[in-house]
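Remarks on the structure that follows.
Every chain is numbered from 1 and lettered A, B, ... according to where its sequence line falls, protein lines coming before strand lines.
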2 protein chains.
Amino acid sequence: MIISIIGIGLLGGSFALAVREKYPRAQFIGVDASPVHGQLAIAKGIVDEIRTFDEAVAVSDLIVLAIPVNAIADLLPSLLDRVPDKATVLDLGSTKGLICQAVEGHPKRAQFVAAHPMAGTENSGPGAAFRELLPGKNLIICDRDKSRSDSLKLAEALFRDIGMKIFYMTPQEHDLHLAYVSHLSHISAFALGLTVLEKEKDEQAIFDMASTGFSSTVRLAKSSPQMWAPIFDQNRTNVSQALADYIEFLQQFKQVIDQQDVTTSLEFMQRANVIRRVLEGIEKR
Amino acid sequence: MIISIIGIGLLGGSFALAVREKYPRAQFIGVDASPVHGQLAIAKGIVDEIRTFDEAVAVSDLIVLAIPVNAIADLLPSLLDRVPDKATVLDLGSTKGLICQAVEGHPKRAQFVAAHPMAGTENSGPGAAFRELLPGKNLIICDRDKSRSDSLKLAEALFRDIGMKIFYMTPQEHDLHLAYVSHLSHISAFALGLTVLEKEKDEQAIFDMASTGFSSTVRLAKSSPQMWAPIFDQNRTNVSQALADYIEFLQQFKQVIDQQDVTTSLEFMQRANVIRRVLEGIEKR
């Protein structure tokens, strides 16, 4: 079996490393806009060889799109136009609405599987990829009924074999939930980073006074802008609503603090404490 | 030497455990409003015995206040009124302005040292205390010139001996910086937890779709409301300004997303990425 990874970064690279461990005789082709990333991916053992996009598409059984979501949406229709009948196309993008819409009604739609692994770190590039990123994590497949059964079976088999648990939903449900449980966390961290950097012009002062709590909360502000700008753009309706809800809570909190209403401040935090139950589940996973 | 820990929680308990390791023959007395916390603190080896507040004050060389900041500010003047001449009083509270102000001009002000260790976790109580919390972290002492030299020397020696690095500043500088690098992170996490819990009524859905990124960003929402409500209240002017700055950045970000201005969105995140340098320093510490 020949698997092509289009975009050999954190996610594409980690997927390849995990699948290679289970299927050591599968052949992996890498395609990447950056020749350096290609070299690093070969040196790390992520892929066996680097080929052009056209060469990779012509020979692959499975083509995995692990590039920014705007590039996936742009590329997918023309990729399906010329994909061989035997092949399956799989995307790992963090939004699903516009990507699924881009190939809605396409004559080869059934060869495409829309997936999103609930995993990531704030780092990017092939150097950030690691075999343990995906095992034990959850995966969402959208519009499963629009994929043909052998394509779906191949994708599901690989995800299950590397230890992922699969959930199914519509692209609309996916994008709405993700705006809250993922996209919003990233924006809150980016804005926190900006606020502190703006106020504390002296980075040494932040360093001296910040504790691990700050470090944990702002960690996602290290994430790749090139990856996240298109996600926020594609999911802007949901992200905008999530941000409006978040700003509303912050404004309420601010008002409570300004009014010295310690009782309501306590209540706010006690309600938020419920998140402990959820987090304990995530951390045990 | 007899050291009393008033409030045997995460911070008081961790301080005692670290100091005990360096000074195994020092005697530790615990004072806590909760009898159960007292039992647990003895069982864990944090303190040797539990005494009433009055008993502890009468016999101690060092009295460490590790209770919520409002309780510190309330208690401190009357504690100083009757503290023996030989004793030093040390507080570990997360705000310094109102606490220092509460004893400004007090005849025994010089026996008091105002300190704040830049360390914590989202957990509380004696069960959460651990010997490694403070070593390697930074500590701020405020208004050092107002403490007499032997009291200051004792506090500094203990903090240095357990591996902390000491910084000095005014209470006003402390509270302003901390509003940005600590208090704001906590509010952003509490509000994020509330926003997601409010939207996703089904906790299982959050669990299924959240990744470690969400978990990291929202971790501080597990923090103790009883500890944090008084901190936000005491530091409300600075916290309110920090929140206003943060909300302003979030609103700008929202507008950029609503307007599909991907270029400015990229720029925002690239500016926030600068935080990586700072965080690498904190994580290496």
Would you sort out whether B:L220 and A:S216 count as a side-chain contact (heavy atoms from CB on, under 4.5 Å), showing the intermediate values? CA-CA 8 Å; B:L220 297 179; A:S216 162; 5.6 Å; no
Contact class of A:Q226 relative to chain B, heavy atoms under 4.5 angstrom: both
Please identify, among B:F190, B:Y246, B:F167, the residue contributing the most non-hydrogen atom pairs under 4.5 Å to chain A. B:Y246
Do you know which of A:A221, A:P230, A:S265 has the most heavy-atom pairs with chain B at a distance under 4.5 angstrom? A:A221
Scan side-chain atoms only and decide if A:D258 and B:S240 contain a donor-acceptor pair under the 3.5 Å cut-off. yes
Mark yes or no for whether B:N138, through its side chain, and A:D208, through its backbone, hold a donor-acceptor pair below 3.5 Å. yes
For B:L197, is it the side chain, the backbone, both or neither that has a heavy atom under 4.5 Å from a heavy atom of chain A? side chain
So, the part of A:L139 with a heavy atom under 4.5 Å from chain B: the answer is neither
Heavy-atom pairs under 4.5 Å with chain A - which of B:H116, B:E248, B:R271, B:Q252 has more of them than the others? B:R271
Does any heavy atom of chain A fall under 4.5 Å from the side chain of B:N273, the backbone, both, or neither of them? both
Relative to chain A, which segment of B:K199 carries a heavy atom at a distance below 4.5 Å: side chain, backbone, both, or neither? side chain
Using a cut-off of under 4.5 Å for heavy-atom pairs, which of B:S185, B:G193, B:A119 has the most such pairs with chain A? B:S185
Contact leader toward chain A among B:V196, B:D245, B:V262, B:I247, where contacts are heavy-atom pairs under 4.5 Å: B:I247
Of the listed residues (A:H177, A:H186, A:E198, A:Q251), which shares the most heavy-atom pairs with chain B below a 4.5 Å separation? A:H177
Under 4.5 Å from any heavy atom of chain B - which part of A:S188: both
Using non-hydrogen atoms and a 4.5 Å limit, figure out which bit of A:I257 sits close to chain B: side chain, backbone, both or neither. both
Applying a strict 4.5 Å limit to non-hydrogen atoms, the region of A:N123 in contact with chain B is both
Let's test your reading of the structure: which of B:L192, B:V256, B:V218 forms the most heavy-atom pairs below 4.5 Å with chain A? B:L192
